[in-house]
**Student:** 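Below are the structure tokens for one structure; questions will follow.
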Amino acid sequence: MTSAIRLLQVAAATLALALSCEARATTDIAWWHAMSGELGKQLEKLAADFNASQSDYRIVPAYKGNYTETVTAAIFAFRSRSQPAIVQVNEVATATMTAAKGAIYPVYSMMRDMGEPFSLNDYLPAVSGYYTDASGNLLSFPFNSSTPILYYNKTMFRAAGLDAETAPKTWPELGQAAKRLREHGAVCGFTTSWPSWIHVENFSAFHNLPLATRGNGFAGLDAELTINNPVVVKHVAQLAEWQKTKLFDYSGRGQAAEPRFQNGECGIFIGSSATRADIKAFSKFEVGYGMMPYWPDIAGAPQNSIIGGATLWVLRDRPREEYKGVARFFAYLSQPGVQAAWHQNTGYLPVTRAAFELTRAQGFYEHNPGSSISFEQITLHPPTENSKGIRLGSFVLIRGAIEDELEQAFAGHKSAQAALDSAVERGNKLLRQFERASPER
């Protein structure tokens with residue numbers, strides 16, 4: 001009898017332990033992303049550090065290709081009800097994600113529903129404003145944000161008799177510096193990456209000019225492009241003129257121009273702030289840094305630049321326990337120490353002012369010249385309706401049309417006015433298609 005009782009006691013204890021372990025079972029949360037290489041390693045470290053900080057949830061990152069491939073994979077997965085809880089989406093797809101109301105769980109709503117402390121005021125307006133709705137509610141979580149800055153070759157500047165400690169601040173100053181560089185043997189004076197992002201989207205924001213009506217699309221789907229205005233036309237015309245003598249030399253789309261600066265062909269380069277670490281590591285010369293140039297005769301310039309990069313969107317129809325973990329993860333990512341480390345290790349912007357202040361207190365900016373310029377540039381002035389960001393449907397395709405036309409202007413096949421008129425016509429057709437297909441219509 002005693003043996004039987006003891007056996008029952010052991011069995012009961014074993015069952016209780018098993019039930020306790022089951023109750024404490026870790027909830028896995030899928031995170032699909034588009035970061036490879038060193039950035040992918042930093043992303044996985046974020047997930048691993050969060051997982052190690054608690055035992056209730058486990059973030060499981062999965063690389064799904066570039067941004068387009070990642071979003072496409074998430075869409076197909078949603079249709080088969082196998083979607084992840086979190087997906088990384090680039091900034092130009094914000095309007096497309098916003099229109100998919102049944103598929104997304106807005107971040108502000110999820111954080112509230114899960115009882116996780118959250119204040120929009122903690123985030124930089126120039127970053128969070130890009131991803132809010134018309135009422136100022138945050139739709140997706142700001143993750144990797146960058147903005148264009150100017151890089152220059154100090155060695156080439158000295159050889160050309162230019163001030164190596166001062167970056168050109170205006171476009172006329174940049175033109176003069178490029179001329180001197182060419183006269184002293186540079187293959188090209190300056191080049192830039194991401195043509196539309198820098199010369200149309202950020203150019204417009206930095207000069208406080210609308211890219212489109214309806215608050216750059218934030219106020220409605222019936223927006224129309226306005227990039228064929230006199231200021232943008234003048235700028236593109238000047239680039240095309242400089243192209244003739246290689247003061248400016250167009251190097252292609254995306255990041256195609258970056259190697260030309262690193263190998264010393266071009267003395268000045270305008271590109272993403274997130275490439276600062278790579279440029280510093282692979283350039284065999286001293287690198288200088290500056291803000292984007294502006295035309296000094298334009299009232300209101302310089303205003304503030306806008307961001308590129310991506311945010312984390314939460315998809316619906318996942319178990320509530322997963323959303324509790326996502327909310328906890330987003331709160332973790334918002335911590336100043338976590339944000340400061342991400343900013344310092346990747347070159348992306350800190351999304352909170354507290355992370356910037358911590359990074360400054362740690363002496364990072366003092367020991368890494370140029371690393372604070374991106375933050376200073378996007379916070380130069382409070383964002384206006386023109387410099388808050390862009391909320392236009394099918395903008396990936398629109399950006400392609402703009403770059404088609406910029407290439408026509410740079411090659412001398414079209415005038416700047418004709419090229420931008422064509423970009424507006426093509427872009428507006430895409431906007432109307434998106435508007436007709438939108439469930440908000």
Side-chain angles (χ1 to χ4, degrees), residues 71 89-109 120-121 123-143 145-148 196-197 200-229 231-232 300 303-314 349 351 377-399 401-402 423-424 427-441:
V71 173
V89 180
N90 57 336
E91 93 285 6
V92 292
T94 298
T96 301
M97 294 298 290
T98 303
K101 292 188 181 301
I104 65 167
Y105 195 168
V107 163
Y108 80 94
S109 180
L120 184 63
N121 293 331
Y123 301 85
L124 299 178
V127 175
S128 62
Y130 205 116
Y131 305 109
T132 56
D133 63 15
S135 301
N137 297 310
L138 195 64
L139 300 175
S140 58
F141 183 83
F143 182 55
S145 298
S146 60
T147 200
S196 175
W197 186 52
V200 176
E201 300 158 42
N202 266 283
F203 178 89
S204 296
F206 213 45
H207 291 79
N208 200 19
L209 300 169
L211 185 88
T213 61
R214 304 285 280 158
N216 284 353
F218 277 83
L221 294 174
D222 54 339
E224 295 185 344
L225 294 173
T226 57
I227 59 173
N228 55 345
N229 63 72
V231 180
V232 180
Q303 169 57 40
N304 66 278
S305 59
I306 57 175
I307 58 171
T311 51
L312 306 181
W313 289 81
V314 183
L349 291 158
V351 299
Q377 186 174 272
I378 67 163
T379 59
L380 194 59
H381 296 289
T384 68
E385 186 177 78
N386 298 329
S387 66
K388 178 182 177 181
I390 303 166
R391 186 65 56 79
L392 300 174
S394 299
F395 198 71
V396 173
L397 299 176
I398 292 171
R399 182 181 277 174
I402 292 171
V424 166
N428 284 342
K429 286 181 180 177
L430 291 166
L431 287 172
R432 300 292 73 78
Q433 290 171 9
F434 184 85
E435 182 182 12
R436 288 193 294 270
S438 174
E440 291 185 18
R441 186 170 179 267

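All residue numbers in this chain count up from 1 along the given sequence.
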**Student:** Could you check whether any side-chain heavy atom of Val351 comes within less than 4.5 Å of a side-chain heavy atom of Phe143, counting everything from C-beta outward?
**Tutor:** no
**Student:** Rounded to the nearest 0.5 Å, what separation is found between the CG atom of Leu349 and the CG atom of Leu124?
**Tutor:** 7.5 Å
**Student:** Yes or no on side-chain contact (heavy atoms from CB on, under 4.5 Å) for Phe206 and Gln377, after CA distance, side-chain angles and deciding distance?
**Tutor:** CA-CA 9 Å; Phe206 213 45; Gln377 186 174 272; 3.9 Å; yes
**Student:** Should Thr132 and Asn137 count as side-chain neighbours, where that means a heavy-atom distance under 4.5 Å?
**Tutor:** no
**Student:** On a heavy-atom basis, which atom in Ser204 and which in Val232 lie closest, and how many Å separate them?
**Tutor:** OG-CG2, 4.0 Å
**Student:** For Ser128, which residues count as a side-chain hydrogen bond (donor to acceptor under 3.5 Å, both in side chains) partner, sequence neighbours excluded?
**Tutor:** none
**Student:** For the pair Gln433 (side chain) and Asn428 (backbone), establish whether a donor and an acceptor sit closer than 3.5 Å, ignoring hydrogens and angles.
**Tutor:** no
**Student:** For side-chain contact (heavy atoms from CB on, under 4.5 Å), just list the numbers for Tyr123 and Phe141, CA-CA rounded to whole Å, side-chain angles, deciding distance to a tenth of an Å, and then say yes or no.
**Tutor:** CA-CA 10 Å; Tyr123 301 85; Phe141 183 83; 3.6 Å; yes
**Student:** Under a 4.5 Å cut-off applied to non-hydrogen side-chain atoms, are Thr98 and Trp313 in contact?
**Tutor:** yes
**Student:** To check you understand the geometry: which heavy-atom pair defines the closest contact between Ser146 and Gly309, and what is its length?
**Tutor:** OG-N, 4.4 Å
**Student:** I need the minimum non-hydrogen distance between Pro383 and Lys388, along with the two atoms involved.
**Tutor:** CB-CA, 4.1 Å
**Student:** So how far is it from Ser394 OG to Glu435 CD, rounded to the nearest 0.5 Å?
**Tutor:** 11.5 Å
**Student:** Before giving the answer on side-chain contact (heavy atoms from CB on, under 4.5 Å), spell out for Glu91 and Ile307 the whole-Å C-alpha distance, their side-chain angles and the decisive distance to 0.1 Å.
**Tutor:** CA-CA 8 Å; Glu91 93 285 6; Ile307 58 171; 5.5 Å; no
**Student:** I want to check something: taking the side chain as every heavy atom from C-beta on, are Thr213 and Thr226 in contact at a cut-off of under 4.5 Å?
**Tutor:** yes
**Student:** Taking all atoms of both residues into account, what is the closest heavy-atom pair of Glu385 and Asn216, and its distance?
**Tutor:** O-ND2, 3.9 Å
**Student:** Mind checking side-chain hydrogen bond (donor to acceptor under 3.5 Å, both in side chains) for Tyr108 and listing every partner two or more places apart, or none if nothing turns up?
**Tutor:** none
**Student:** If you define the side chain from C-beta out and look only at heavy atoms, does anything of Phe395 sit under 4.5 Å from Ile398?
**Tutor:** yes
**Student:** To the nearest 0.5 Å, tell me how far Trp197 CH2 sits from Asn202 CG.
**Tutor:** 6.0 Å
**Student:** With heavy-atom distances below 4.5 Å as the criterion, would you say the side chains of Leu209 and Asn386 are in contact?
**Tutor:** no
**Student:** Are the side chains of Ile227 and Leu211 in touch, meaning some heavy atoms are under 4.5 Å apart?
**Tutor:** yes
**Student:** Return the CG to CD distance between Leu392 and Glu201, rounded to the nearest 0.5 Å.
**Tutor:** 9.0 Å
**Student:** In Å, rounded to the nearest 0.5 Å, how long is the span from OG1 of Thr96 to CZ of Arg391?
**Tutor:** 10.5 Å
**Student:** To the closest 0.5 Å, what do you measure between CD (Gln303) and CG (Asn208)?
**Tutor:** 4.5 Å
**Student:** Can you check whether Ser387's main-chain N or O pairs, donor with acceptor, with Asn304's side chain at less than 3.5 Å?
**Tutor:** yes
**Student:** Suppose we screen for salt bridge (charged side-chain N to carboxylate O under 4.0 Å, His left out). Which residues come up paired with Asp133, at least two apart in sequence or across chains?
**Tutor:** none
**Student:** Before giving the answer on side-chain contact (heavy atoms from CB on, under 4.5 Å), spell out for Thr94 and Met97 the whole-Å C-alpha distance, their side-chain angles and the decisive distance to 0.1 Å.
**Tutor:** CA-CA 5 Å; Thr94 298; Met97 294 298 290; 5.8 Å; no
**Student:** Give me the atom names and distance for the closest heavy-atom approach of Asn229 to Pro210.
**Tutor:** ND2-O, 4.3 Å
**Student:** I need the minimum non-hydrogen distance between Asn90 and Ala310, along with the two atoms involved.
**Tutor:** CA-CB, 3.7 Å
